[in-house]
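Structure record follows, encoded as structure tokens.
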Amino acid sequence: MADFESEVLETYCPPVPLPPARRLRWFRLLATLKRNPLECWSDEFFREPIVKVRLPFTDSVIVHEPSAIKRVLVDNAGNYRKDPIQRRILASGLADGLLSAEGERWEMQRRTLAPLFARRTVASFASAMLEASERLAERWSALGPRATIDVAAEMTLITLNVLARTIFSDGIGGDYDQFRVAMNAYFAVIGHIGALDLLGVPQSVPRPGRRRLRQTMAYFEGIIDRIIEMRCRRLVGRPAGEAPSDLLTLLLRTPDPATGRPMSRAEIRSNILTFLSAGHETTANTLAWSMFLLSQASQWRARVRAEAARELAGPVEGLADRLIVTRAVIEEALRLYPPIAALSRVAEAADTLGGVAIRPRSLVVIAPYVLHRHRLLWTQPDLFDPSRFLPERRAAIPRFAYLPFGVGPRICIGASFALQEATIVLAALVQRFDMELAPGAQVWPLQKITLRPAGGLPMRLKPSVRDVQPALHCRTQMG
Ligand code: HEM
């Protein structure tokens, strides 16, 4: 167990846009939304619990009052549907997947997919996560001392690699780089928010870039269908014990517990794409921000390294649970730079939130980025201080003040997968490398689908002192 002495550790104020003193006017608002939506949040949003904003076609209500958030996302969640822009951005082309489904179709998928992300199943992926970290560390070591790398791009690679290992443990049977390039192209198209979206013009009106999106989707669907086909042939007649133990086998073999119906091929394909798209950029950004924050806070870096050295020498079973300081750093990075910076819903019927009347079709926005820095909810909200998330203080954080994974029926299904992955990868890499920001690098948060460092995160690698010795590795199941 880690020791939690009450020493006062350094705190650091990481880069963040200074909120404008007044609300932006319409034209500036549109231009800023297009450039970097984070820069739109003026001072009042960080101070007021609920703010109403009139848009040309609808009312919009920005909610950061915990009991009103509970009403929107939990108690009266049936009245608040995901809004079309968010669904398009997060789940474009994944019509049959969990992220974008609604109503009965969503309920059926959520029930069926829940066992895939249950605690025991996620724990069984720890070895794959550690193996992927070891491979990355070996590649970094081969670059030689003081190599400069783009940590943001490297984290995208490792999270995609972890998903590939946990979804298709026997490989994707094709060109991995080509797969990655197509994935990036897909994100570039769906990440584009045009004026038509901002003005609330219906999704049935054609948007630029749709043809490119369709081509990219067709490419993905082709690859995934081939992999599913191969796996189905492999599984025929095999008992459960002999099947590859990964998410694809579970998708093919887990029926809906309520009806016994297995998922259709289209649903399986859409959910694989959903896991890949919802799971890799978000976790990659969490890791990139955590590494950046640690590079600026040497005492926390030293604590994570000491914990990693101690715990990685033990068994892989229960590893993520033992990495308590590392996990606190990850949670603090998720507070300061939540990858999903804003959630939005549309009210179906009239409602009241914190005394404010909500009309049908109003847009309700809950922005974790603002919520996590709200002046009424946090002390010194702009400081990097992972001790907020250490066990002795964690319970004091109000449940509805911290929502990196959302909350309620539509809470992120991959939350424990992502937390386990980020904790293991961060510990394994910090144990082996000291990372410092490349000279002249400017770090700035940019919201483009996910909240990422604008222009990447160039850092210089230096093997940590212990890495000069033969590395001590956690015992993985693979030996
Ligand atoms: C640090 C990493 C991650 C963050 C911050 C994150 C964040 C979120 C958030 C905020 C939502 C709720 C959206 C809403 O209520 O409108 C969500 C939903 C979802 N996430 Fe994640 N996510 C992460 C990792 C993952 C991973 C690894 C997977 C899968 C492998 C995943 C799959 C999903 C799915 C399928 C949904 C939709 C759930 C539903 O609607 O029932 N996410 N995520």
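Both counts, for ligands and for their atoms, begin at 1 and track the order of listing. For the single chain, residues carry numbers from 1 onward in sequence order.
Atom numbering of ligand 1 starts at 1 in the shown order; those under 4.0 Å from a heavy atom of Ala278 are 24 (C), 25 (C), 31 (C), 32 (C), 33 (C), 42 (N). Numbered from 1 in the order shown, with element, the atoms of ligand 1 that lie under 4.0 Å from a heavy atom of Ile413 read 34 (C), 35 (C). Close approach of ligand 1 to Gly279 is summarised as follows: ligand atoms under 4.0 Å from at least one heavy atom of the residue are 25 (C), 26 (C), 27 (C), 28 (C). Of all atoms in ligand 1, listed by their number and element, those nearer than 4.0 Å to a heavy atom of Thr286 are 1 (C). Listed by number with element, the atoms of ligand 1 under 4.0 Å from a non-hydrogen atom of Trp106 are 39 (C), 40 (O), 41 (O). Near Gly406, with a cut-off below 4.0 Å to any heavy atom, the atoms of ligand 1 are 10 (C).
Of the candidates Gly414, Ala418, Ala342, it is Gly414 that places a heavy atom closest to atom 28 (C) of ligand 1. One option in Pro339, Ala415, Pro404 has a heavy atom closer to atom 7 (C) of ligand 1 than any other, and that option is Pro404. Between the choices Pro409, Cys412, Pro368, Ala114, the shortest heavy-atom distance to atom 8 (C) of ligand 1 belongs to Cys412.
Looking only at atom types and distance, the side chain of Asn271 has a donor-acceptor partner in the side chain of Gln109 under 3.5 Å away. For the residue pair Asn285 / Thr450, a side-chain donor-acceptor distance below 3.5 Å is found, with atom types taken as modelled. Counted by atom type alone, Glu154 and Trp140 present one or more donor-acceptor pairs between their side chains at under 3.5 Å. Tyr80 and Asp351 share a side-chain donor-acceptor pair at under 3.5 Å. Counting only N and O atoms by type, the side chains of Thr326 and Glu307 include a donor and acceptor under 3.5 Å apart.
Of the N or O atoms in Arg345, one or more lie within a sub-3.5 Å distance of an N or O in ligand 1. For ligand 1, none of its N or O atoms has an N or O atom of Thr282 under 3.5 Å away. In terms of polar-atom proximity, defined here as any N/O pair under 3.5 Å, Thr274 makes no such contact with ligand 1. Annotation: Arg410 places an N or O atom under 3.5 Å from an N or O atom of ligand 1; distance criterion only.
Contacts with ligand 1 closer than 4.0 Å are made by side-chain heavy atoms of Ile340 only, the backbone lying farther away. Contact annotation for Phe417 and ligand 1: only side-chain heavy atoms (C-beta onward) come within less than 4.0 Å of the ligand. At a heavy-atom cutoff of 4.0 Å, ligand 1 is contacted by both the backbone and the side chain of Leu98. With a heavy-atom cut-off of 4.0 Å, Lys82 touches ligand 1 through its side chain alone. Contacts with ligand 1 closer than 4.0 Å are made by side-chain heavy atoms of Leu343 only, the backbone lying farther away. At a heavy-atom distance under 4.0 Å, no atom of Glu421 approaches ligand 1.
Judged by distance alone, with hydrogens and angles left aside, the side-chain atoms of Thr121 form a donor-acceptor pair with the main-chain N or O of Pro115 at under 3.5 Å.
Residue Leu113 is tested with Leu250, Leu251, Thr254, Asp256 for a side chain to side chain contact (heavy atoms under 4.5 Å, CB included); the sole match is Leu251.
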Go through the steps for Thr249 and Arg231 under the test side-chain hydrogen bond (donor to acceptor under 3.5 Å, both in side chains), then give the verdict.
CA-CA 8 Å; Thr249 299; Arg231 177 64 65 86; 2.9 Å; yes
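Contact check for Trp444 versus Pro17: side-chain heavy atoms found under the 4.5 Å cut-off. Asp246 is not listed as a side-chain neighbour of Thr166, based on a closest heavy-atom distance of 4.5 Å or more. Within the 4.5 Å cutoff, the side chain of Glu65 has no heavy atoms near those of the Glu48 side chain.
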Do any side-chain atoms of residues 398-405 form donor-acceptor pairs under 3.5 angstrom with protein atoms, and if so which ones, sequence neighbours left out?
{"from": "Arg399", "atom 1": "NH1", "to": "Tyr402", "atom 2": "O", "distance (Å)": "3.2"}
{"from": "Tyr402", "atom 1": "OH", "to": "Glu331", "atom 2": "O", "distance (Å)": "2.6"}

